[in-house]
**Student:** 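The structure is given below, and queries will be raised subsequently.
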Amino acid sequence: MSGTEGSDVVVHRCRFIDYQPAAINAIVPHTKRPDGAAIKVALSRATGDIEIWNVNSNWHMERVLPGGADTSVEALVWDSGRLFSAGLHSLITEWDVDKLAIVATADSYGGAVWCLAVSTASDTLAAGCEDGCIKLYDLTGGPGSLEFVRSFDKQDGRVLSLDWHDSDATLVSGGSDGTVRLWTTANGRCKFRVTVQDERKEGTLVWAVKILADGTLVSGDSWGRTQFWDAKFGTLLQSFKQHEADVLVLAVSDDSEVVYASGVDNKVIQIKRVQTESSDSWVVSGRSRDHSHDVRACALTDNGLLVTGGVDTSLIVHHASKFARAGASQRKIPPFPHTELVSLARDGLLLYRHGAALQLWRLGSAASDDAVAAQVENGLPRRVLPIDTQPKLLLELGAKDGHNIVSACLSPDGSLVVYSTLLHTRVFRVQIAEGDGDCSVKRVRGVSGLLGVAHAMAIAADNSLLVVATASQDLQIVDLTGPKLLATIPTGGTRGEASACLLAISPDGQWAAVSYGAEVHIFGLDTLSHHATTAAFLSPPSALAFSPAEPTLVVVCANNQVSTVDAESGLPTEWSRAHSGALPRQWLSRREKVVGISFSPTSPSTAFLHDHSGFTVLDFAKPIPGPKERLIELGTTVTAVERAERRRKEGRGPHRRDGQKDTDRRKDSHKDPRRGDGKTVHLETTDAEVSAAKRSRVDPAAQAASANLKIVKKFQPLLFMGWAPGGTIVAVERPWLAVMQNLPPPLYRAKYGAT
């Protein structure tokens, strides 16, 4: 594709990046937040990373608190602005969510921590430990204060689950010894113990417990049972065997009238309280099976959303009030990052960040025209170019401090690699030998002591300046020829509570822009000063980039609002004043969020806005469709190679081999996902797309005339999109099938056609 109407361009599809999202271990909403504050949710993954999601901003992933080696987070609580995490490493950690920093740590004095719970008054933290003890910590000292108070009486086996009663006078726990215990928090003594019945003479694990406002206890165990207990006498009130395996999580509504349970069999059930004249009882009122694997986390937000996650790495969001309705819809939020993990250099080098490591790749190359002609003779589509040179892994770097990498970048010429963790920032100079392509790397000394933790970073086009947005909301500028710190520039104005999320440098090296919350700050790199601050956007920016043609900053927000800002004044441009408030409703209503912006090298006014489902072409020099106009989605998710293979299977292509079994042809059709290929794509609306518009009852003539804001879904899921030398688009894809192949087998598999 290109900004020039009717022209072709080669798209280099890269599938050798093996991005693998991690399982979700815990989900917690931000409770007791300030009035008017956005609803946010924190979730932890098996890698130790903690993600902060803004629910109000179209489920935008605002930031990631980096984990590290052997730091899997098993328990998470977020109360009154204080976020605590714990895991199998025996440490309880308090986080500064805005600075991505650890505020305090405390030893559990009991081994691995399996669960955490904060009292209703937000003054005490309870931790369930491997040694069978519940430990209490005092939180009254404010952020950074985490003081050990006492340890409860020891029980047999580890403490797997905890919950406080609203009065804070009692605490309920579930253990690996098959018991539910009710504790008096004042003295740490057990009031009574209930032993959950075993089956087949095997032990029982009580994975989840809750205590309702009226004192009723709810437990979920390893036999798939959700049980209700009388807290006064310890008698079993009701038992539900709705699951085929362990019940791992429970969630309770604020009024204690609805309970949700889920676990290994990936089924979520809803149990409601039913009041009768004589007594209350509980009934199963709804069920859903939207996950493909174990559900390990379940939570209810203040605005009535049920959020679940687990081994399949995706979030599923239900409206709790509609959960039991037939045909109720849900939202699936894929696990792909909302910040770019890939950097691209001019000479075809690609840097990929994952966990605590960096990979430097050299892209492959497409075959010559002769090879393409031979391909056409063999019946394959002309627009699919065979690979001549395979991509090559040149270098792999790992952070030695045990922490995952916060941010990283590659210089435009590929000679410098920079990364930052929670402890330091490192700069490396890369040399690639001609011919064999052997790579050597050497650390640039003297930079780490100059810089703080970098939330975002970029290198100027001439490789002379490194620009870093720090945890203290300052912009640091380093002369890499020295190296020498040129300036530390305060943000200016009132410092919000948000950390830097995005950073961009203008192609001429004159301007830098950094997003803080819903604002964007513009800095002059020639004057080394803070230049302007934009007005707050309605939603946090999800992507920003400078136009190569003029000093204009393009900002796309999480609500898909597109704005252009004049770098000189910090005010909206004429285009933004005319069009930002009149974008097509179809565009604004999309759930996908733009995560990257790039510009066509042949048409500087044409921007490519990419999200995980594809990319959108927007030419700022042309009019855009009106608010009520429909947008055409160019292409489909089926590639030309896949269509050719499909024709072979159906016997409609020239390459069907007589006597070949369907299974053999199917094996041939599945190529190695760790590959890249070239593909030429046309920008104009094709006859097939016009036919598709007719089938969808859209006026094809009107849509074909709408030559702007076109959505392309030929490449997905899309992790990155940029431009390589020669005007080639580089599209980094991570097929969902490749992600699923690395997951463990599920307990339950759908049997299609079965009753």
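Scope of the values below: all heavy atoms of this structure, side chains included, with no hydrogens, waters or symmetry mates. Predicted model only: the values in this text are computed from it and were never measured.
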**Student:** Applying the ring pair (Phe, Tyr, Trp, His ring centres under 6.0 Å) test to Trp361, which of Tyr352, Phe720, Phe16 qualifies?
**Tutor:**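 It is Phe16; the other options fail the test.
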**Student:** Side chains of Asp619 and Ser605: do they bring a donor and an acceptor to under 3.5 Å?
**Tutor:**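 Judged by distance alone, the side chains do pair up.
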**Student:** For Glu74 and Ala26, work out which heavy atoms get closest and say how close.
**Tutor:**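 Nearest pair, atom of Glu74 first, then Ala26: O-CB, 4.3 Å.
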**Student:** Give a yes or no answer on whether the side chain of Gln431 reaches the backbone of Val441 with a donor-acceptor pair at less than 3.5 Å.
**Tutor:**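 Such a contact is absent between Gln431 side chain and Val441 backbone.
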**Student:** Is it true that a side-chain atom of Arg353 and a backbone atom of Ser407 form a donor plus acceptor pair closer than 3.5 Å?
**Tutor:**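 A pair under 3.5 Å: no.
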**Student:** Is a donor on one side and an acceptor on the other found under 3.5 Å between the side chain of Gln476 and the backbone of Gly452?
**Tutor:**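 Yes, Gln476 side chain to Gly452 backbone: donor-acceptor pair under 3.5 Å.
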**Student:** Please give me the minimum heavy-atom distance between Val520 and Pro541, naming the atom from each residue.
**Tutor:**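 Closest approach of Val520 to Pro541: CG2-CG, 3.9 Å.
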**Student:** Decide yes or no for Gln473 and His521: does some side-chain heavy atom of the first lie under 4.5 Å from some side-chain heavy atom of the second?
**Tutor:**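 Answer no - side chains too far apart.
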**Student:** Quick one: does Trp78's side chain get under 4.5 Å of Ile52's, heavy atoms only?
**Tutor:**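 Trp78 reaches Ile52 side chain to side chain.
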**Student:** Quick one: list whatever passes salt bridge (Lys or Arg N to Asp or Glu O under 4.0 Å) with Arg426, sequence neighbours left out.
**Tutor:**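 Once residues adjacent in sequence are excluded, Arg426 has no partner under the salt bridge (Lys or Arg N to Asp or Glu O under 4.0 Å) criterion.
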**Student:** Mind listing the closest non-hydrogen atom pair of Ala399 and Ile405 along with its distance?
**Tutor:**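 Residues Ala399 and Ile405, closest heavy atoms: CB-CG1, 4.4 Å.
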**Student:** For residues 546-557, run the donor-acceptor check on the side chains, cut-off 3.5 Å, and write out each pair with its distance to 0.1 Å, sequence neighbours left out.
**Tutor:**
from: Ser547; atom 1: OG; to: Ala549; atom 2: N; distance (Å): 3.2

**Student:** Quick check: do Ile50 and Val97 have side-chain heavy atoms less than 4.5 Å from each other?
**Tutor:**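 No, side chains not in contact.
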**Student:** State which residue, out of Val418, Thr470, Thr488, Thr425, fulfils the side-chain contact (heavy atoms from CB on, under 4.5 Å) condition with Leu451.
**Tutor:**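 With Leu451 as partner, side-chain contact (heavy atoms from CB on, under 4.5 Å) holds for just one option, Thr425.
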**Student:** Going by the rule ring-ring contact (aromatic ring centres under 6.0 Å, His included), which residues pair with Phe620 if we only count those two or more places apart in sequence or in a different chain?
**Tutor:**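 Checked Phe620 against ring-ring contact (aromatic ring centres under 6.0 Å, His included); matches are Trp575.
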**Student:** Would you please classify the geometry between the Tyr419 ring and the Phe428 ring as parallel, tilted or perpendicular, with 30° and 60° separating the classes?
**Tutor:**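 It falls in the parallel class, under 30°.
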**Student:** Kindly determine whether His530 and Phe523 satisfy ring pair (Phe, Tyr, Trp, His ring centres under 6.0 Å), including the steps that lead there.
**Tutor:** CA-CA 4 Å; His530 181 276; Phe523 299 82; 5.0 Å; yes
**Student:** Treating Glu733 as the side-chain partner and Gln716 as the backbone partner, does any N or O pair qualify as donor plus acceptor under 3.5 Å?
**Tutor:**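 Looks like yes, one N/O pair under 3.5 Å.
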**Student:** Are His338 and Ser542 side-chain neighbours, meaning at least one heavy-atom pair lies under 4.5 Å?
**Tutor:**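 Side-chain contact under 4.5 Å: no.
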**Student:** Taking the side chain as every heavy atom from C-beta outward, state whether Val41 and Trp59 have any pair of such atoms under 4.5 Å apart.
**Tutor:**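 SC-SC contact between Val41 and Trp59 confirmed.
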**Student:** Not counting sequence neighbours, which residues clear ring-ring contact (aromatic ring centres under 6.0 Å, His included) with His89? List them please.
**Tutor:**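 Not a single residue meets the ring-ring contact (aromatic ring centres under 6.0 Å, His included) criterion with His89.
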**Student:** When you measure from the side chain of Asn25 to the backbone of Val73, do you find a donor-acceptor pair of N or O atoms at a distance under 3.5 Å?
**Tutor:**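 Judged by distance alone, yes, a pair lies under 3.5 Å.
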**Student:** Return yes if some donor-acceptor pair links the side-chain N/O of His455 with the main-chain N/O of Lys99 below 3.5 Å, else return no.
**Tutor:**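 Judged by distance alone, yes, a pair lies under 3.5 Å.
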**Student:** If we only count heavy atoms from C-beta on, is the Leu363 to Leu350 side-chain gap below 4.5 Å?
**Tutor:**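 Yes; the side chains approach each other to less than 4.5 Å.
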**Student:** For Glu340, enumerate each residue passing the salt bridge (Lys or Arg N to Asp or Glu O under 4.0 Å) test, keeping only those at least two apart in sequence or located in another chain.
**Tutor:**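 Listed in chain order: nothing, the list is empty.
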**Student:** CZ of Arg346: more than 12 outside heavy atoms within 6.0 angstrom?
**Tutor:**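 Counting other residues, nucleotides and ligands, CZ of Arg346 exceeds 12 neighbours.
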**Student:** With rounding to the nearest 0.5 Å, note down the distance linking CG in Asp566 to CD in Glu574.
**Tutor:**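 Rounded to the nearest 0.5 Å, the CG-CD separation comes to 11.5 Å.
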**Student:** Taking side chain to side chain donor-acceptor pair (under 3.5 Å) as the definition, give me every residue that meets it alongside Asn559, ordered by chain and number, with sequence neighbours left out.
**Tutor:**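 Asn559: no side chain to side chain donor-acceptor pair (under 3.5 Å) contacts found.
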**Student:** Is a side-chain N or O of Ser515 found less than 3.5 angstrom from the main chain of Leu502, in a donor-acceptor match?
**Tutor:**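 Yes, the answer is positive, given that a donor and an acceptor are paired below the 3.5 Å cut-off.
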**Student:** Going through the checks in order, is the salt bridge (charged side-chain N to carboxylate O under 4.0 Å, His left out) test met by Asp347 and Arg362?
**Tutor:** CA-CA 9 Å; Asp347 57 354; Arg362 182 182 291 283; 5.2 Å; no
**Student:** Within the 4.5 Å heavy-atom criterion, are Leu486 and Leu465 side-chain neighbours or not?
**Tutor:**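 When only atoms from C-beta onward are counted, Leu465 and Leu486 do touch, with a gap below 4.5 Å.
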**Student:** Would you compute the distance between atom CG of Asp474 and atom OG1 of Thr491 and round it to the nearest 0.5 angstrom?
**Tutor:**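 Going from the CG atom of Asp474 to the OG1 atom of Thr491 covers 6.0 Å.
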**Student:** If you look at every heavy atom in Ile24 and Thr313, which pair is closest and at what distance?
**Tutor:**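 Closest pair (atom of Ile24, atom of Thr313, distance): CD1-O, 3.7 Å.
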**Student:** Between Pro337 and Leu719, which heavy-atom pair has the shortest distance, and what is it?
**Tutor:**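 It is CD-CD2, 4.3 Å.
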**Student:** Provide the closest heavy-atom pair for His60 versus Pro540 in the form atom of the first, atom of the second, distance.
**Tutor:**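 Taking His60 first and Pro540 second, the nearest heavy atoms are CD2-CB, 4.2 Å.
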**Student:** Do Gln390 and Lys392 have side chains that get closer than 4.5 Å, going by heavy atoms?
**Tutor:**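 Gln390 vs Lys392: side chains apart.
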